[in-house]
Amino acid sequence: MHSAQRTSDTGWWRNAVIYQVYPRSFADADGDGTGDLAGVRRHLPYLAELGVDALWFTPWYRSPQADGGYDVADYRAIDPAFGTLEDAEALIADALRLGIRTIVDIVPNHVSADHAWFREALAAPPGDPARDRFWFHDGKGPGGDTIPTNWSSSFGGDTWTRTTGPDGRPGQWYLHMFAPEQPDLNWNHPDVAAEHEAVLRFWYDRGVAGVRIDSASMLAKDPSLPEVGEAHPPGRHPHLDRDEVHDVYRRWRKIADSYDEPRLLVGEVWLEDTDRFVRYLRDDEMHMAFNFDFMSRPWDAEALAASIRSTFAAHAAVSAPPTWVLSNHDVTRPVTRYGREDTSFAFADKRFGTPTDLALGARRARAAALLTAALPGVLYVYQGDELGLPEVEDLPDGAREDPMHFRSGGVDPGRDGCRVPLPWTATGPTFGFSGEAAAAPWLPQPQDWGGHAAQTQESDPGSFLTLYRRAIRLRRAEPALRGDAFAWTETAPGALAFRRGEDVTCVVNFADAPADLPAHTEVLLASGPLEGGALPKDTAAWLRT
Ligand code: NOJ
């Protein structure tokens with residue numbers, strides 16, 4: 001069978017479709033209102049039918065969930081809310097039987113404040129070696145009352161929290177580039193490197209095909225703790241993208257390559273400078289990294305074409321494939337974002353009450369799905385985007401959990417709105433997320449959520465789900481879409497068109513006037529109805545040319 005063959009291919013990932021599972025919100029088998037691994041196992045046939053090659057799980061490890069699991073207390077244990085290690089092993093094996101590989105999330109920049117190392121460090125006095133695995137530091141000024149640096153957190157606010165000694169007196173400070181519950185590790189400490197290498201092997205040995213590396217460019221820090229803003233050459237920023245971070249990934253790559261089927265390293269690398277970005281993709285480092293440049297661009301022909309061009313140009317220097325990402329668990333859902341006046345994405349711009357036209361956004365998100373699925377490289381799909389879910393923007397205040405919301409003083413709506421539990425069925429108290437008689441979902445679902453249910457969409461030829469299924473099937477079936485060949489072709493102003501291989505052309509129209517299609521023998525797939533043979537605004541089509 002096709003799928004069985006794929007599992008023995010090395011290089012399977014170069015044009016893969018990778019589906020991101022946010023386990024907490026995917027499906028809840030035990031009815032406690034939180035998604036779990038048994039829920040994912042139950043829905044594996046759905047994922048196989050969608051046609052994905054791999055699943056990337058956001059962290060499923062034991063965690064107090066101060067940041068949706070990106071605060072890991074124990075890498076070798078599954079969070080009890082999600083299941084057990086045996087469940088994870090069974091899930092990995094079940095998925096593989098369906099030809100679907102598993103990628104797990106590794107969060108090397110920080111651990112949970114509940115991690116054994118941090119507890120030990122907190123209990124130890126200043127100067128104790130147990131503190132050296134983190135960044136404990138005396139404060140400045142009299143009494144050490146002043147924060148050691150003014151580095152700012154991507155979650156807003158300070159990056160140091162002061163400890164309290166056993167006598168109740170204020171003690172040293174510790175560094176956390178995210179929330180205080182996520183102390184940063186000191187990557188100059190040999191234990192930190194050794195432990196992560198052991199964790200990689202732990203999961204690779206359990207059959208996972210790769211790891212997604214969280215905050216990958218942030219691990220290394222300048223131990224002299226200079227302020228940001230002082231002049232520093234590339235690679236010498238106090239805490240971002242420092243040159244020595246690459247040594248970590250070179251060592252990881254050797255481990256990944258030591259397996260019969262080489263394992264993958266996928267980087268979460270947010271860097272504006274593409275030259276610095278592709279350094280992570282050199283042949284002895286990561287296999288690929290998320291293309292956030294493309295994801296953040298507005299719905300605009302020129303802006304997207306420019307990103308596609310610069311992505312290709314940057315990747316030409318390395319053998320890593322480009323990746324195409326429309327969203328993930330951190331960003332506003334495309335259906336909502338593309339319906340706004342400003343269709344670009346930036347964390348700093350997120351505000352309550354930004355108007356959106358969801359019908360418009362849905363049309364564009366469908367066209368964007370065909371655009372990205374037609375590009376050479378790796379396609380990432382965030383759970384629920386294949387159902388056309390909008391961002392849930394009216395969550396009750398008391399339901400929100402995201403530290404980004406709280407640390408912004410309530411100004412940033414946070415990321416809960418893209419993490420609402422999935423609707424599987426049109427009716428029922430949790431729309432099929434949990435079984436009958438279950439606890440309420442951990443985040444409330446909107447009343448009309450059932451209108452997006454997977455079950456209803458399955459039999460609707462015009463649905464988002466059908467579009468995604470057809471696109472992914474064609475991507476696999478059409479040799480032109482499997483290869484790397486790509487060439488821009490002439491098209492109407494305000495539209496984009498490119499040919500893949502010998503015989504497939506993708507056209508996307510962003511302009512008000514319908515675009516004439518190039519000569520073709522067949523419309524393979526379109527994101528919406530054509531108008532008298534022309535391509536309307538905000539529509540994409542794949543043509544046999
Ligand atoms: C990136 C993850 O995607 C995000 O969800 C998390 O909050 C931060 N890294 C910190 O781990």
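Whatever order the structure lists ligands and atoms in, that order sets their numbers, starting from 1. For this chain, numbers begin at 1 and follow the sequence in order.
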- Look at atom 5 (O) of ligand 1 and find which of D330, T58, V331 reaches it with the closest heavy atom. D330
- Message: Between D79 and R62, does any side-chain N to carboxylate O distance fall below 4.0 Å?
- Response: no
- Query: Against heavy atoms of F155, which atoms of ligand 1 measure under 4.0 Å?
  - Reply: 7 (O)
- Is the NZ or CZ atom of R337 positioned over F345's six-membered ring, under 6.0 angstrom from the centre and within 45° of the axis? no
- Lys/Arg-Asp/Glu bridge criterion (N-O < 4.0 Å) met for R400, D416: no
- Query: Below 4.0 Å from any atom of ligand 1, is there a heavy atom belonging to M177?
  - Reply: no
- Grab the two heavy atoms, one from E391 and one from R333, that are nearest each other, plus how far apart they are. OE1-N, 2.9 Å
- Message: For atom 6 (C) of ligand 1, tell me which residue out of D67, V72, N109 has the closest non-hydrogen atom.
- Response: D67
- Numbered in order shown, the ligand 1 atoms found under 4.0 Å of a heavy atom of S215 are 9 (N)
- Query: Which ligand 1 atoms does F178 reach within 4.0 Å, using its non-hydrogen atoms?
  - Reply: 8 (C), 10 (C)
- Message: Check this for me: R119, atom CZ, are more than 12 non-hydrogen atoms of other residues, nucleotides or ligands nearer than 6.0 Å?
- Response: no
- Query: Does K254 come within less than 4.0 Å of D257, counting only side-chain N to carboxylate O?
  - Reply: no
- Item | D158 with R407: basic N within carboxylate O range, under 4.0 Å | no
- Contacting atoms of ligand 1, where contact means under 4.0 angstrom from a heavy atom of E268: 1 (C), 3 (O), 9 (N)
- For atom 2 (C) of ligand 1, what is the nearest protein heavy atom, given as residue, atom name and distance? D214 OD1, 3.1 Å
- Message: Show the atoms of ligand 1 that are less than 4.0 angstrom away from any heavy atom in R415.
- Response: 4 (C), 5 (O), 6 (C), 7 (O)
- Task: Could you tell me which atoms of ligand 1, counted from 1 in the order shown, lie closer than 4.0 angstrom to a heavy atom of H329?
- Result: 2 (C), 3 (O), 4 (C), 5 (O)
- Message: Tell me whether ligand 1 is touched by G68 - counting only heavy atoms on the residue side and a distance under 4.0 Å.
- Response: no
- Which is it for R212 and ligand 1 at heavy atoms under 4.0 Å: side chain, backbone, both or neither? side chain
- Message: Is H110 close enough to touch ligand 1? Criterion: a residue heavy atom under 4.0 Å from a ligand atom.
- Response: yes
- Task: Walk me through it: do D247 and R251 pass the test salt bridge (charged side-chain N to carboxylate O under 4.0 Å, His left out)?
- Result: CA-CA 6 Å; D247 299 340; R251 291 196 304 268; 5.6 Å; no
